Student: 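Quick one: this structure, given as structure tokens, is what I'll be asking you about.
Just so it is clear, the structure is predicted and the values come from calculations on it, not from any experiment.
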Amino acid sequence: MPIHNSDIAKIFKKIADMLDIEGANPFRIRAYRNAARIVEDMPKRVADMIRKGDDLTEIPGLGKDLADKIKEIVETGTLFQLKELENRVPGELNQLMRMEGLGPKKVKVLYQTLGVTNPDELKQMAREGKIKDVEGFGQKTQAKILEELEHLTTETKQRIKLISAEEIAEGLVEYLKKDKSVKKIDVAGSFRRRKETVGDLDILVTVKRGSAVMDHFVKYEDITKVISKGQTRSTIVLKSGLHVDLRVLPQVSYGAALHYFTGSKAHNIAVRKIGVKKGLKINEYGVFKGKDEKRIGGKTEEEVFDQVGLPFIEPELRENAGEIEAAQKGQLPELISPEDIRGDLHSHTKATDGRNTIKEMADAAKDHGYDYLAITDHSKRVRMAKGLDAKKLADQIKAIDQLNGKLTGIRLLKSIEVDILKDGSLDLPDEILKELDLTVCSVHYHQNLDREKQTKRILRAMDNPYFNILAHPTGRLINERAPYEVNIEKILKAAKERGCFVELNANPDRLDLTARYCKMAKNMGVKIAVSTDAHSVNDLDFMRFGIYQARRGWLEKDDVINTRQLKDLTALLKRK
DNA sequence: GCCGTTTTCGGCCCGACTGTTTTCAGTCG
């Protein structure tokens with residue numbers, strides 16, 4: 001069984017939890033949590049790296065000990081240390097730590113006094129009223145535990161998609177602005193970094209003297225629970241289950257706080273470390289210097305970066321994934337922006353499973369200020385979507401030619417989202433494909449092939465001289481369907497050799513490629529098409545999510561083919 | 001458990017809020 005990076009991370013997280021409950025050295029625990037994160041975010045499979053004999057200790061945060069443990073996990077699928085731990089501490093105890101307000105210390109006390117080892121037993125004790133009598137616990141804690149356990153069975157706390165977070169955040173910001181004492185307002189956190197999913201919202205504000213914004217905040221209509229309410233910080237839970245923090249900040253600290261709460265944590269730590277070397281203390285209140293901790297910055301984010309000798313780093317890059325080193329060398333990318341996009345290369349119409357006509361799509365694209373739009377309906381294999389056969393596609397080609405004769409200010413590109421069949425051949429004959437301006441090729445069926453077969457299948461498809469863009473390269477649906485097993489690195493290499501491109505599908509349910517693969521593609525010199533896969537005129541708006549993701553993947557204007565003028569794009573699409 | 005051009009030993013981020021504690025520990029981010 002292949003060991004995924006996430007498997008390794010899971011084991012390290014569990015060890016960290018168990019050590020936490022045992023009361024081990026907190027820095028040792030942090031080392032495990034840190035390692036879990038490192039492995040999870042690694043652009044390559046650790047198992048492959050070990051097979052190739054790479055030295056894992058060269059990765060910051062992994063020493064000899066952890067490297068050996070990773071090796072053990074890769075070779076045996078498990079870790080002896082974990083089994084040992086489970087002999088001392090029941091393995092289910094860490095589940096209790098998932099609960100709001102229960103940390104390692106309290107879990108340990110519950111275990112030692114009441115013998116509680118899992119959520120069911122905890123629920124039992126809470127119902128019998130035994131929790132409140134334990135030292136350090138009380139009536140309120142018991143009620144909270146009971147309430148949360150009743151919930152736990154129905155809804156598991158899941159990160160929500162960026163598009164949902166955006167909707168919620170906009171509503172909240174609008175509501176908060178109704179309080180006229182609010183001056184500045186920003187939504188920080190992973191939302192501001194435009195991560196594809198968001199775990200909670202961090203809203204920062206500055207207010208006029210005597211503001212009652214906290215009172216206003218906890219009266220928001222969408223709230224199910226107020227977890228805490230203070231002068232400078234309050235936390236609420238929305239009906240959707242999303243947690244929202246509101247922080248009130250002094251003007252002078254706003255930039256420091258914005259930086260601090262935008263994260264990522266790893267980025268902040270790295271910035272702070274540079275600060276420490278320069279004798280600075282950086283926290284959410286500002287940048288401070290010397291023994292007397294004189295404030296020397298923090299009103300704006302720029303000031304914070306400036307004090308550590310860095311240029312401004314865009315939020316999307318703040319993952320401690322090389323952005324700090326790049327900033328130090330003056331080599332930060334000039335990230336792509338929405339205005340750079342000249343057209344959309346993946347869209348559907350009524351001819352298959354879209355909801356609008358070709359003409360309607362063309363008009364909408366023109367309204368977006370685009371120069372071109374590729375009409376890419378499904379091919380016949382995708383029966384569910386009434387996919388086009390060669391004859392129907394020929395009819396559509398004619399229709400588009402005619403329409404192009406009448407349209408002004410927008411050019412329709414004749415194309416198709418052609419299915420890559422199980423054996424890697426394309427779903428339509430070359431005779432019809434060669435009549436098109438470009439092809440967008442994708443896998444819809446047989447997603448469960450093993451890694452090698454799936455990769456070969458796609459490589460074979462790329463051998464077809466009419467193959468241009470690989471659409472939604474991993475097939476994942478965020479929170480719904482895992483990516484299929486496929487070696488993206490090999491595919492990128494093949495795309496480079498053959499003059500093909502890969503899509504970054506901007507649909508917020510897909511966002512496929514991930515940021516890390518975008519970065520990999522860029523480094524390998526493979527250009528990317530950021531496309532919406534629109535099934536209606538409204539879906540063309542998804543482009544912004546594609547741009548967010550592209551920015552997270554360090555892409556610049558030049559890395560993306562649909563930033564090109566039509567004639568340059570046409571030249572790019574001609575395979576040698 | 002990791003890390004080091006100030007250190008191979010002794011650091012490793014810390015402040016706000018809650019609950020139960022009468023002066024603070026635990027949790028969270």
Side-chain angles (χ1 to χ4, degrees), chain A residues 12 15-17 19-21 23-38 56-70 79 81 96-110 131-145 148 157 188-191 198-204 214 218 225-237 243-250 253 256-257 259-288 293:
Chain A
F12 282 165
I15 287 179
D17 284 349
L19 287 173
D20 222 346
I21 294 168
N25 176 351
F27 298 106
R28 188 175 162 221
I29 297 166
R30 189 186 295 172
Y32 278 103
R33 295 231 162 87
N34 191 30
R37 199 189 55 76
I38 291 167
L56 296 182
T57 63
E58 280 175 13
I59 299 162
L62 299 182
K64 180 171 185 320
D65 197 273
L66 284 171
D68 285 346
K69 281 175 179 155
I70 290 173
L79 200 55
Q81 185 197 8
L96 300 180
M97 281 173 62
R98 301 283 114 76
M99 296 186 32
E100 177 97 44
L102 279 194
K105 299 280 165 24
K106 289 211 159 129
V107 168
K108 188 180 184 184
V109 169
L110 288 172
I131 306 277
K132 66 175 191 307
D133 301 328
V134 179
E135 205 184 333
F137 293 75
Q139 196 64 254
K140 272 196 169 176
T141 313
Q142 176 171 289
K144 209 169 133 189
I145 286 173
E148 191 153 352
K157 206 183 151 196
S190 52
F191 179 80
V198 171
D200 52 24
L201 293 175
D202 293 300
I203 305 180
L204 311 185
M214 286 303 187
V218 299
K225 197 161 79 178
V226 176
I227 290 182
S228 67
K229 176 169 175 275
Q231 291 291 305
T232 62
R233 176 185 162 192
S234 300
T235 303
I236 58 168
V237 184
H243 288 219
V244 184
D245 274 14
L246 179 67
R247 291 165 201 270
V248 173
L249 296 151
S253 302
H259 180 257
Y260 183 91
F261 290 111
T262 295
S264 66
K265 213 169 188 172
H267 168 90
N268 288 352
I269 289 171
V271 169
R272 224 174 293 139
K273 260 189 187 164
I274 300 175
V276 169
K277 276 188 192 156
K278 292 180 188 283
L280 305 175
K281 182 175 145 186
I282 301 171
N283 57 28
E284 62 264 53
Y285 301 104
V287 184
F288 304 92
E293 306 214 329

Student: Rounded to whole angstroms, how far apart are NE2 on H243(A) and P on dC28(B)?
Tutor: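 Rounded to the whole Å, the gap is 11 Å.
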
Student: Please report, rounded to the nearest Å, how far the P atom of dG29(B) is from the CZ atom of R37(A).
Tutor: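 Checked: the CZ to P distance equals 17 Å.
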
Student: Which listed nucleotide (dT27(B), dG1(B), dG15(B)) is nearest to the side chain of K106(A)?
Tutor: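 Of all the options, the side chain of K106(A) is nearest to dT27(B).
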
Student: Sticking with atom C1', work out how far dG15(B) lies from dT22(B), rounded to a whole angstrom.
Tutor: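 The same atom, C1', in both gives a distance of 22 Å.
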
Student: Please tell me if the side chains of I145(A) and M99(A) come closer than 4.5 Å, counting only heavy atoms from C-beta onward.
Tutor: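 Side-chain contact under 4.5 Å: yes.
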
Student: Using the C1' atoms only, state how far dG11(B) lies from dT6(B), rounded to an integer number of Å.
Tutor: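 Result for the C1' pair: 13 Å, nearest Å.
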
Student: Taking dG10(B) as the reference, what is the distance to dC17(B) when you measure between their C1' atoms (whole Å, please)?
Tutor: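 Going atom to atom, C1' in each nucleotide, I get 32 Å.
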
Student: NA contact type, K69(A), heavy-atom cut-off 4.0 Å: base, sugar-phosphate, or nothing?
Tutor: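 Touches sugar-phosphate only.
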
Student: Whole angstrom is fine here: how far is it from CG in L201(A) over to P in dG29(B)?
Tutor: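 My rounded result for the distance is 13 Å.
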
Student: Tell me which nucleotide among dG26(B), dA16(B), dG1(B) gets nearest to the side chain of R233(A).
Tutor: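 Between dG26(B), dA16(B), dG1(B), the one nearest the side chain of R233(A) would be dA16(B).
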
Student: If you measure from the C1' atom in dG4(B) to the same atom in dT8(B), how many Å do you get, rounded?
Tutor: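 Pairwise C1' distance, dG4(B) against dT8(B), rounds to 8 Å.
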
Student: Nearest whole angstrom, please: distance from the P of dT27(B) to the CD1 of I21(A).
Tutor: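 Roughly 10 Å, once rounded to whole Å.
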
Student: Please confirm whether the shortest side-chain N or O distance from T141(A) to OP1 or OP2 of dT20(B) is below 4.0 Å.
Tutor: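 For dT20(B), OP1 or OP2 has a side-chain N or O of T141(A) closer than 4.0 Å.
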
Student: What is the distance from atom OH of Y260(A) to atom NE2 of H267(A), rounded to the nearest 0.5 Å?
Tutor: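 Here the interatomic distance stands at 13.0 Å.
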
Student: Give K265(A) one of three labels, base, sugar-phosphate or nothing, depending on what nucleic acid heavy atoms sit under 4.0 Å from its own.
Tutor: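 Base contact.
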
Student: Where the side chain of S228(A) is defined as all heavy atoms beyond and including C-beta, which of dT18(B), dT27(B), dG15(B) is the nearest nucleotide?
Tutor: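 Selected nucleotide (nearest to the side chain): dT18(B).
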
Student: What is the distance from atom CG of L79(A) to atom CD1 of I15(A), rounded to the nearest 0.5 Å?
Tutor: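 Nearest 0.5 Å value for the CG-CD1 distance: 4.5 Å.
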
Student: Does any residue of residues 25-35 of chain A have a heavy atom under 4.0 Å from DNA chain B, and if so, which ones, in number order?
Tutor: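 DNA chain B contact set from residues 25-35 of chain A: N25(A), F27(A), R28(A), R30(A), A31(A), Y32(A).
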
Student: In Å, rounded to the nearest 0.5 Å, how long is the span from NZ of K229(A) to CD1 of I236(A)?
Tutor: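 Rounded to the nearest 0.5 Å, the NZ-CD1 separation comes out at 12.5 Å.
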
Student: Counting only side-chain nitrogens and oxygens, does T232(A) get under 4.0 Å of the OP1 or OP2 atom of dC17(B)?
Tutor: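 So the side-chain polar atoms of T232(A) do come within 4.0 Å of the phosphate oxygens OP1 or OP2 of dC17(B), strictly under.
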
Student: Check the chi torsion on dT22(B) and let me know: syn if it falls within 90° of 0, anti if not.
Tutor: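 Anti, since the glycosidic angle lies more than 90° from 0.
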
Student: Between K273(A) (NZ) and dG4(B) (C1'), how many Å, whole number?
Tutor: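 Roughly 10 Å, once rounded to whole Å.
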
Student: Quick one: E284(A) CD to dC17(B) C1', roughly how many Å, whole number?
Tutor: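 So the two atoms are 14 Å apart, to the nearest Å.
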
Student: Round to the nearest Å and state the distance from K278(A) atom NZ to dT5(B) atom C1'.
Tutor: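 After rounding, the reported distance stands at 15 Å.
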
Student: Across the strands shown, which category fits G263(A) at heavy-atom distances under 4.0 angstrom: base, sugar-phosphate, nothing?
Tutor: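 Nothing, no nucleic acid heavy atom in range.
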
Student: Looking at F12(A), does the NZ or CZ of K69(A) lie under 6.0 angstrom from its six-membered ring centre and within 45 degrees of the ring axis?
Tutor: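 Negative - K69(A) is either too far from the ring of F12(A) or too far off its axis.
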
Student: Taking the basic N atoms (NZ, or NE/NH1/NH2) and the acidic carboxylate oxygens, is any pair closer than 4.0 Å for R33(A) and D17(A)?
Tutor: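 Here R33(A) pairs with D17(A) in a salt bridge, since their nearest N and O are under 4.0 Å apart.
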
Student: Identify the heavy atoms of T232(A) and M214(A) that sit nearest to each other, and give their distance.
Tutor: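 Nearest pair, atom of T232(A) first, then M214(A): C-CE, 3.4 Å.
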
Student: Which part of the nucleic acid does N283(A) contact within heavy-atom distance under 4.0 Å: base, sugar-phosphate only, or nothing?
Tutor: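 Answer is nothing: N283(A) stays at 4.0 Å or more from every strand.
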
Student: When you match F261(A) and K140(A) each to their closest nucleotide on DNA chain B, which lands nearer the 5' end?
Tutor: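 With F261(A) and K140(A) compared, the 5'-side residue is K140(A).
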
Student: Roughly how far apart, to the nearest Å, are dC12(B) and dT7(B) at atom P?
Tutor: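 Roughly 16 Å separates the two P atoms.
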
Student: Any side-chain heavy atom of D245(A) within less than 4.5 Å of one from R233(A)?
Tutor: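 They are in contact (side-chain heavy atoms under 4.5 Å apart), so the answer is yes.
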
Student: Let me know the distance between CD1 of I274(A) and P of dC3(B), rounded to the nearest Å.
Tutor: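 In whole Å, dC3(B) P and I274(A) CD1 are 17 Å from each other.
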
Student: With rounding to the closest Å, how many angstrom separate the C1' atoms on dC13(B) and dT20(B)?
Tutor: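 Pairwise C1' distance, dC13(B) against dT20(B), rounds to 27 Å.
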
Student: Under 4.0 Å, counting only non-hydrogen atoms across every strand here, what does Q142(A) touch: a base, just sugar-phosphate, or nothing?
Tutor: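 The answer is nothing, as Q142(A) stays clear of every strand by at least 4.0 Å.
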
Student: Is there a donor-acceptor pair under 3.5 Å between the side chain of N283(A) and the backbone N or O of G286(A)?
Tutor: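 Yes, the answer is positive, given that a donor and an acceptor are paired below the 3.5 Å cut-off.
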
Student: Report the base-pairing partner of dG4(B) (Watson-Crick or G-U wobble, both distances below 3.5 angstrom), or none.
Tutor: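 Check on dG4(B): paired to dC9(B), both distances under 3.5 Å.
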
Student: When you measure from the side-chain N and O atoms of Y285(A) to the phosphate of dA16(B), is any distance below 4.0 Å, counting only OP1 and OP2?
Tutor: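 Yes.
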
Student: Select from V107(A) and Q231(A) the residue whose nearest nucleotide in DNA chain B is closer to the 5' end of that strand.
Tutor: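 That would be Q231(A).
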
